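Following: one structure in C-alpha cells, then a few remarks.
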2 protein chains.
Amino acid sequence: MDVTIKDIAADAGVSVSTVSRVVNGSKSVSPELKGRVMASIEKFHFRPNAAARSLVTRNTGLVAVLEADVRNPITALHLKQISDVCMKHDKVMIVCDYDFDQDKALLLMDNMLERNIDGLIFQGVHLNEKILERLRRFQCPVVLGNQGPSEDMRCEFPAVTVNSYHAAKDMTRFLISEGHKHIAYVGGSSEDYTNGTLRLRGFLDGMREADLQVQDSDIYQGEFSTESGEKGMNQIYENSLELPTAVVTGSDIIAAGVIRCLKAHKLKVPDDISVAGFDDSISDIYDPPLTTVRMLDQGEVFYKALFEEKGEACVNEWCYFPYQIVRRSSTRRITN
Amino acid sequence: MDVTIKDIAADAGVSVSTVSRVVNGSKSVSPELKGRVMASIEKFHFRPNAAARSLVTRNTGLVAVLEADVRNPITALHLKQISDVCMKHDKVMIVCDYDFDQDKALLLMDNMLERNIDGLIFQGVHLNEKILERLRRFQCPVVLGNQGPSEDMRCEFPAVTVNSYHAAKDMTRFLISEGHKHIAYVGGSSEDYTNGTLRLRGFLDGMREADLQVQDSDIYQGEFSTESGEKGMNQIYENSLELPTAVVTGSDIIAAGVIRCLKAHKLKVPDDISVAGFDDSISDIYDPPLTTVRMLDQGEVFYKALFEEKGEACVNEWCYFPYQIVRRSSTRRITN
DNA sequence: CTGAAAGCGCTAACAG
DNA sequence: CTGTTAGCGCTTTCAG
C-alpha cells in the first residue's frame, strides 16, 4: 500500500490539514511543524495522490492532444513545444492518435470527457458537426490545431495554425522576387481547408498581385504525401510545353516527391527548377536542403489560445503561429 | 456542475450502486432497471468521473512515456504504435519530453508517481543509478525504451529495443553479400550503449566473420545527427587513401549526413559508394531512398513487456522488436 | 437482483 | 497557526 497523507500526519505528529498545507504551500505553517512534516515526507517519499486531489480541486493538470496521425512530421515539432510549455505550467500532455478515424476520435473524446482534462487540443484536418457537437460537451477550453473552419461554417473554438494563406503568398512573393515568373503549385487536398485550400489561394493571389499568369495545368492538388507530390509534378511535367522555373508545394513531404520526380526526368534542383517546401520538418536534412516555411512558438500559441482570458466572445477565431521563410538551397535566384 | 452518478440514480429512480453496475457491466441488473439507467445516462450524456473511479479501483488507464526528445524520428513511429495498442486496451498515453535533462526526467517521474499510472516507458539513452533509484519507486511496471543496461550494470527493468548488435551485423552481412569488402562505419556516441556501442560491435563482428579488415580510420563515432554524419564521413574521406565502397551508419539521420558529405565530394550514392541507414524513419522519402533497418510491432512489444506476466524474476532482460533489412536504392551490388 | 453505507486520499471551510 | 470534519464521485462489501 502506498503511503498517504495520514501516515505523514501520524509520523510528524500533526493533523492531515497541516500536511496538506505544507504540501500545497497554501497557508503559512510554523517553521517547526513544517520542518517535521517535510522530514516525514522525505522519509517516506510521500507523493500526494493526484486522483484524490483532483477529485476535490477539479483540475487534473492534464492537457489532451488528439492527433490525426502522430507520424506527421510537423506533429513532432508541435508536441515538443506543447510538452515544454505544459511542463512550465506543471501540466502534462496526453497524446492520442485517432488515425484519421472519426469514430476513434469520438471514443477518445469520451475518454477525455471522463478524465476532466484541463484543456483539449484537437488536431485534425476536417471539421464536421458531429465532431463539433462532441467538442461542445467539454467544460474545459478546447482549441483546434492544424485546421480551422471554412467561411461557411460557424465554430466557437479558436483555430491554432500557421496562416496558410499568408505564408503561401509570402513564399510565392519570395520566389517572384528571386526572378521567377512561371511558377507551379503542388499542394494537398482541397478538402483540407486550412492546409489545402488556403495555401493554394495564397499562391494564386501572390501570382495575381504580380500580374503573373497561372495555367490550370500548373496546379495540382493531391495529398500530403511524397507519392502525391511525385505524381503531381509528373502531371505538370507531362502537360506543360514549357516547364515552370519554380514550384510552390504544400509541405516538405510533398516537395520531396516533387524533387524525386524532377530527378527522374534528369532535372536538377535548383539549377533547372526551384522547389519550395512548407513546414520545415525535414527541410534541413533533406538533399538539397529545402527553402521552406518555418513556424515559431507553436507551444506558446497553443497554450495561450487554451488558457489565456479572451476578451470578446469569439466565433471563427484564428490564432496564428509566427512564421518565417527560410531560404536554403532548393531554390535559386534566376535572371533573364 | 457536471452530472454525477447520483443524478442518474435519481433520474432513473434507482440506487447509485445499480447505476455503477450498469456502467461497469459488473453484475447482472434486471433488463428493466438497466434500460431506465441507460436512458438517463444517454439523456444527460453522463460520463463517470475517472478520478473518483481510480481513487477506489487504483488504476488509471494511463501509460506514461518519457522521451528524451520527441523530435527523434523514431519516436513518432513508437508513439503511433504505443498509442494504438493502448487504445486497444482502453488506456491512453501520457507523453513527456525531458529534453535529455536528467533533472527534468526526475521531476516528471515524480509527477507520474503521483498520478498512479498503470505503466511507465522510460525512453532514454543513458542509464544511471539516480534514474534507476527513482524508477524503483514505481508500483507499476516500468520498462526502458531505446536503451538498455550495459553488461557491467544490474537492472531489473526490461529493456525494449531493436537488437542493435544483430541488426548492425545483419546489415553488414547484407552489404558483404552484395560484394562489398571495404566498409566504413559512421555511428552515434559510444556513450549510448544500445545504439552506439552495440551497433559498432555488430558491424565489427560482421566484418570479422567474413575475414574483412577494418581500419580504425574507417570508424567514426559521433552523435545521432546529420551534422555528425557529415563530419564523420568527411573525416573518413580525408584519412583514407582508398575510399570504402559502402558505409554502415547508426541511423537514417546520420546516413543523410554521410550522403551530404559524399555529394559535396562529387561522389554518387550508390554508384560510387553505398550507404545504409538504420531505423527506417526518413528512408522512404529521402533521395535516394535508403536501404535501412526497419523495426516491427513496436507497440506490441512494449505492451507485452509492460503488462504480460513474466515467469522468472528477470535481471538485465531484453525484449527485442522484430526487424528486417529493407533494401532500397542507397546501396548497390558490386562486382570486381 | 437491489440498496445502504463505508470508504478511496485529499482539500477546504470552519472553529478554536 | 492548527485540528476537526464534511464531502469530491465512485466502487464495493454486506444485508436484504
Side-chain angles (χ1 to χ4, degrees), chain A residues 1-38 40-41 44-62 90 110-118 139, chain B residues 1-38 40-41 44-62 90 110-118 139:
Chain A
M1 202 53 218
D2 247 10
V3 26
T4 77
I5 198 171
K6 272 187 191 163
D7 302 316
I8 301 301
D11 186 72
V14 298
S15 72
V16 290
S17 22
T18 299
V19 178
S20 175
R21 282 178 194 118
V22 347
V23 167
N24 295 295
S26 41
K27 282 190 177 175
S28 50
V29 175
S30 74
E32 143 113 52
L33 292 197
K34 189 167 179 173
R36 297 220 306 266
V37 170
M38 300 274 261
S40 299
I41 289 178
F44 290 110
H45 292 314
F46 167 70
R47 295 267 120 209
N49 180 313
R53 175 183 277 179
S54 84
L55 192 53
V56 23
T57 62
R58 327 200 64 57
N59 45 42
T60 52
L62 250 24
D90 208 31
D110 282 345
N111 190 309
M112 292 310 126
L113 242 10
E114 301 181 2
R115 286 182 191 281
N116 250 287
I117 53 176
D118 291 352
Q139 322 255 161
Chain B
M1 203 52 218
D2 246 9
V3 24
T4 76
I5 199 171
K6 272 188 193 163
D7 302 317
I8 301 301
D11 185 70
V14 298
S15 72
V16 291
S17 16
T18 300
V19 178
S20 174
R21 283 180 194 117
V22 348
V23 167
N24 296 297
S26 41
K27 283 193 177 171
S28 52
V29 174
S30 74
E32 142 112 52
L33 292 197
K34 189 166 179 175
R36 297 219 307 265
V37 170
M38 300 274 261
S40 299
I41 288 178
F44 291 110
H45 293 314
F46 168 70
R47 296 267 118 211
N49 180 313
R53 174 181 278 179
S54 84
L55 192 53
V56 23
T57 63
R58 323 198 71 50
N59 45 41
T60 50
L62 251 23
D90 208 32
D110 282 344
N111 190 309
M112 294 309 127
L113 242 10
E114 300 182 4
R115 286 184 190 279
N116 250 287
I117 53 177
D118 291 351
Q139 321 255 160

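This is a predicted model, so every value here is computed, not measured. Here is how names work: the chains are called A, B, and so on, in the same order as the sequence lines, proteins then strands, and each is numbered from 1.
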Inset, instruction - Find the bend of the helix from C/dC1-D/dG16 to C/dG16-D/dC1 as the angle between its two terminal axes (five pairs each), to the nearest 10°. - result: 40°
Legend entry - Phosphate OP1/OP2 of D/dG9: any B/T4 side-chain N/O under 4.0 Å: no
Inset, instruction - Could you check how far NZ of A/K6 sits from C1' of C/dC8, rounded to whole Å? - result: 9 Å
Inset, instruction - Check side-chain hydrogen bond (donor to acceptor under 3.5 Å, both in side chains) between B/N116 and all other residues, then give those that pass, not counting sequence neighbours. - result: none
Inset, instruction - Would you kindly compare A/N49 and B/V29 by the position of their nearest DNA chain C nucleotide and give the one closer to the 5′ end? - result: B/V29
Legend entry - Interatomic distance where CG belongs to B/N116 and P belongs to C/dG9 [whole Å]: 9 Å
Inset, instruction - Let me know the distance between CZ of B/R47 and P of D/dC10, rounded to the nearest Å. - result: 12 Å
Inset, instruction - Specify the separation, in whole Å, of atom CG of A/D7 and atom C1' of C/dC10. - result: 13 Å
Inset, instruction - Mark up nucleotides 11-16 of chain D, 5' to 3', with B wherever a protein heavy atom is under 4.0 angstrom from a base atom, S wherever such an atom reaches only the sugar-phosphate, and - elsewhere. - result: SBB---
Inset, instruction - Identify, with sequence neighbours excluded, every residue that meets side chain to side chain contact (heavy atoms under 4.5 Å, CB included) alongside A/R47. - result: B/D110, B/L113, B/E114
Inset, instruction - Using a 4.5 Å cut-off on heavy atoms from C-beta on, say whether the side chain of A/F44 contacts that of A/I8. - result: yes
Legend entry - Given C/dG3, D/dG3, D/dC10, the nucleotide with the shortest approach to the side chain of A/V14: D/dG3
Inset, instruction - List for me each residue that meets side-chain hydrogen bond (donor to acceptor under 3.5 Å, both in side chains) alongside B/S30, sequence neighbours excluded, and say none if there are none. - result: none
Legend entry - Distance in angstrom units between A/L33 CG and D/dG3 P, rounded: 6 Å
Legend entry - salt bridge (Lys or Arg N to Asp or Glu O under 4.0 Å) partners of B/R21, counting only residues at least two apart: none
Legend entry - Sub-4.5 Å side-chain heavy-atom contact between B/N24 and B/R53: yes
Legend entry - B/R115 side-chain N/O to A/A50 backbone N/O, donor-acceptor pair under 3.5 Å: no
Legend entry - Under-4.0 Å side-chain N/O to phosphate OP1/OP2 contact, A/T18 with D/dG3: yes
Inset, instruction - Determine: side-chain N/O of B/R58 to OP1/OP2 of C/dG9, distance under 4.0 Å, yes or no. - result: yes
Inset, instruction - Using distance alone, with no hydrogens and no angle criterion, decide if B/S20 and B/S17 have a side-chain donor and acceptor under 3.5 Å apart. - result: no
Inset, instruction - Indicate yes or no: at least one non-hydrogen side-chain atom of A/N49 is less than 4.5 angstrom from one of A/T4. - result: no
Legend entry - Nearest-nucleotide comparison on DNA chain C, the residue closer to the 5′ end among B/L55 and B/S30: B/S30
Legend entry - Nearest-angstrom distance from the residue atom CD of A/Q139 to P of D/dC8: 16 Å
